[in-house]
Amino acid sequence: MAYFQSKPDSRRHFLHIPGPSNVPDRVLRAMDNPTMDHRGPDFGAMGKQLLAKVRKVFQTEGPVVIYPASGTGAWEAALVNTLSPGDRVLMCETGWFAHLWNEMAERLSIQADFIKTDWRRGADVEQIAERLAADKGHAIKAVCVVHNETSTGCTSRIDEVRKAIDDAGHPALLLVDTISSLGSMDYRHDEWGVDVTVSGSQKGLMLPPGLSFNAISAKAIKASETAKLTRSFWDWKPMLAANATGYFPYTPATNMLYALDTALDMLLEEGLQNVFARHDQVAEATRRCVRHWGFETQCQDPRHFSSVLTAVRLPEGHSANALRATILEKFNMSLGNGLGQLNDKVFRIGHLGDISELQLVGALAGVEMGLRAAGIPHKAGGVQVAMEYLGGNA
């Protein structure tokens, strides 16, 4: 069975969820190469080259550890390598994924101070600053922030979080989740003073799910030397030792690393700033379209707008899940569902990774046709508004 669909459909499937994102043909072809000996000299040469390239996307000079895992694994690696049982961390509930990271911390016997928000903006920097200023004994060992909250379409200002930590004179580590933003939005591990950056393969890096990452600062490595949480598979020490020669301490996901190598080439060939500008452009076109339809975006603060996805709120009395089902049935396009408290209230349009202006116009046309088919009141012509912006006529 080459590809499963719930019903036969010969049309091309339009995948516009906020990840996993579409995998370019060039990346798929790279995965299709024969598996090499992961202990042989060719692999060591490839590994050293790959580990050097991946640092460029994180914008770091430090090490990046790659695990055969989902982004959730990278979350756990970040926590268990830097913290001890009973340690306190400060987290901000920007949405569903921040909530899940908090749950993981509690399962690992970490005490999480969780700053609540309305899920309509990024991290509350003022509250983070207040909590850190009040922590005179420096009991808080880490501040954990989701850069781009995939459930809401809100992006946190990591540079401002860093400034809040510095202004408080606080020694807490800064741990940041970039699972949905890396490779799509500007992110600067070194410049923003991040200690551990967490990420995954299936979004801006344009790969299938299966690889996860920790970019690590010298301060985080120092913390790992005294951290007491149990770790084995996630331990940085053997990974860093093996990576120095291009190898891994256990069998790596060889063909996924081929794919990563090619995806990194694609990002670097286009130029990271050009990649970010492309995402900014399609995101703004999407928001203009949504506003024309007469709907709100879930994110209310323009400074926190995401360039990776747009979460769209439907008016009271209309089901976002029913709309998504109509669009899938009639036009063979998948959109993201609302998560947690946003279930059935929002739908999410993914515009990340291998995305172009024409792909976006097709996706927005599918939504507009779906709104009409579902009988949801809206102002027609949103796609035209997006096209005018993308064509430079706005």
Side-chain angles (χ1 to χ4, degrees), residues 21 23-71 73-74 77-78 81 178-179 181-191 194 196-218 220-221 233-276 353-354:
S21 64
V23 180
D25 287 345
R26 183 173 164 188
V27 173
L28 291 171
R29 298 294 79 76
M31 291 177 64
D32 200 29
N33 279 291
T35 302
M36 71 165 72
D37 174 10
H38 65 287
R39 302 294 179 214
D42 290 342
F43 186 91
M46 183 193 79
K48 290 182 78 171
Q49 173 183 289
L50 176 67
L51 290 165
K53 277 194 283 192
V54 77
R55 290 198 294 269
K56 295 179 181 179
V57 177
F58 283 88
Q59 300 193 57
T60 182
E61 298 295 325
V64 177
V65 169
I66 304 174
Y67 296 102
S70 68
N81 278 285
T178 66
I179 291 170
S181 56
L182 188 77
S184 295
M185 298 179 67
D186 193 10
Y187 181 79
R188 310 175 190 185
H189 177 90
D190 284 359
E191 183 179 329
V194 180
V196 187
T197 297
V198 170
S199 203
S201 60
Q202 73 275 18
K203 301 198 184 243
L205 294 180
M206 306 179 292
L207 306 179
L211 294 180
S212 64
F213 307 85
N214 278 176
I216 311 166
S217 74
I221 292 174
F233 179 83
W234 305 116
D235 195 354
W236 288 340
K237 188 173 181 179
M239 287 287 279
L240 292 171
N243 284 176
T245 59
Y247 294 96
F248 291 75
Y250 41 72
T251 306
T254 308
N255 288 56
M256 282 289 286
L257 295 179
Y258 296 164
L260 174 61
D261 190 54
T262 297
L264 292 172
D265 284 344
M266 293 176 68
L267 291 171
L268 297 174
E269 287 165 9
E270 183 176 353
L272 289 179
Q273 296 307 314
N274 294 327
V275 172
F276 304 150
D354 183 27

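- The CD atom of Q49 lies 5.5 Å from the CG atom of D261; values are rounded to the nearest 0.5 Å.
- Of all the heavy atoms in G200 and F213, the pair that sits closest is C-CE1, 3.8 Å.
- Taking CE of M185 as the reference point, atom CG of L272 lies at 14.0 Å (rounded to 0.5 Å).
- Judged by distance alone, with hydrogens and angles left aside, the side-chain atoms of S21 form a donor-acceptor pair with the main-chain N or O of K203 at under 3.5 Å.
- Listed here is the closest heavy atom pair of V198 and A78: CG2-CB, 3.7 Å.
- The number of heavy-atom neighbours closer than 6.0 Å to NZ of K48, taken from other residues, nucleotides and ligands shown, is 12 or below.
- The structure places CG of D32 at 11.5 Å from CG of D25, a figure rounded to the nearest 0.5 Å.
- Closest non-hydrogen pair, F248 versus R39, comes out as O-NH1, 2.9 Å.
- Between the side chain of D354 and the backbone N or O of V23 there is no donor-acceptor pair closer than 3.5 Å.
- The side chain to side chain donor-acceptor pair (under 3.5 Å) check on T178 picks up S199, with sequence neighbours excluded.
- The minimum heavy-atom distance between P208 and M31, with the atom names listed, is CG-SD, 3.8 Å.
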(request) Give the intermediate values and the outcome of side-chain contact (heavy atoms from CB on, under 4.5 Å) for residues V196 and N81. (result) CA-CA 10 Å; V196 187; N81 278 285; over 6 Å; no
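- Between F58 atom CZ and K53 atom NZ the span is 15.0 Å, to the nearest 0.5 Å.
- Considering CE of M46 and OG1 of T254, their distance stands at 7.0 Å, rounded to 0.5 Å.
- Put simply, the side chain of N214 never gets that close to the backbone of I216: no donor and acceptor are under 3.5 Å apart.
- The two residues G73 and S212 come nearest to each other via the heavy atoms C-OG, 4.5 Å.
- Using a distance-only test at 3.5 Å, with no hydrogens or angles considered, no donor-acceptor pair links the side chain of Y187 to the main chain of V57.
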(request) For the pair L182 and L205, evaluate side-chain contact (heavy atoms from CB on, under 4.5 Å) and give the outcome as yes or no after the intermediate values. (result) CA-CA 7 Å; L182 188 77; L205 294 180; 4.2 Å; yes
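- Heavy atoms only, all atoms of each residue included: P68 and A253 are closest at CB-CB, 4.3 Å.
- Atom CD of E269 is surrounded by more than 12 heavy atoms from other residues, nucleotides or ligands within 6.0 Å.
- Once rounded to the nearest 0.5 Å, the distance linking CZ of R26 with CE of M266 reads 5.5 Å.
- Residues I66 and L260 are in side-chain contact: their nearest non-hydrogen atoms beyond the backbone lie under 4.5 Å apart.
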(message) Run Y67 and L211 through side-chain contact (heavy atoms from CB on, under 4.5 Å) and show every step you take.
(response) CA-CA 6 Å; Y67 296 102; L211 294 180; over 6 Å; no
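- Proximity of L240 to V65: side-chain heavy atoms (C-beta onward) are separated by under 4.5 Å at one or more points.
- When side chains are defined from C-beta on, P252 counts as touching L257, because their heavy atoms get closer than 4.5 Å.
- Two residues are said to be in side-chain contact when any heavy atoms from C-beta on lie closer than 4.5 Å; L267 and M206 meet this criterion.
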(message) Y258 vs T262, test: side-chain contact (heavy atoms from CB on, under 4.5 Å). Steps then yes/no.
(response) CA-CA 6 Å; Y258 296 164; T262 297; 5.8 Å; no
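- Evaluation of the salt bridge (Lys or Arg N to Asp or Glu O under 4.0 Å) rule for R188 yields D186, E191 as partners, not counting sequence neighbours.
- Using the six-membered ring where Trp is involved, Y250 and F233 have ring planes that are parallel, under 30° apart on the 30 and 60° scheme.
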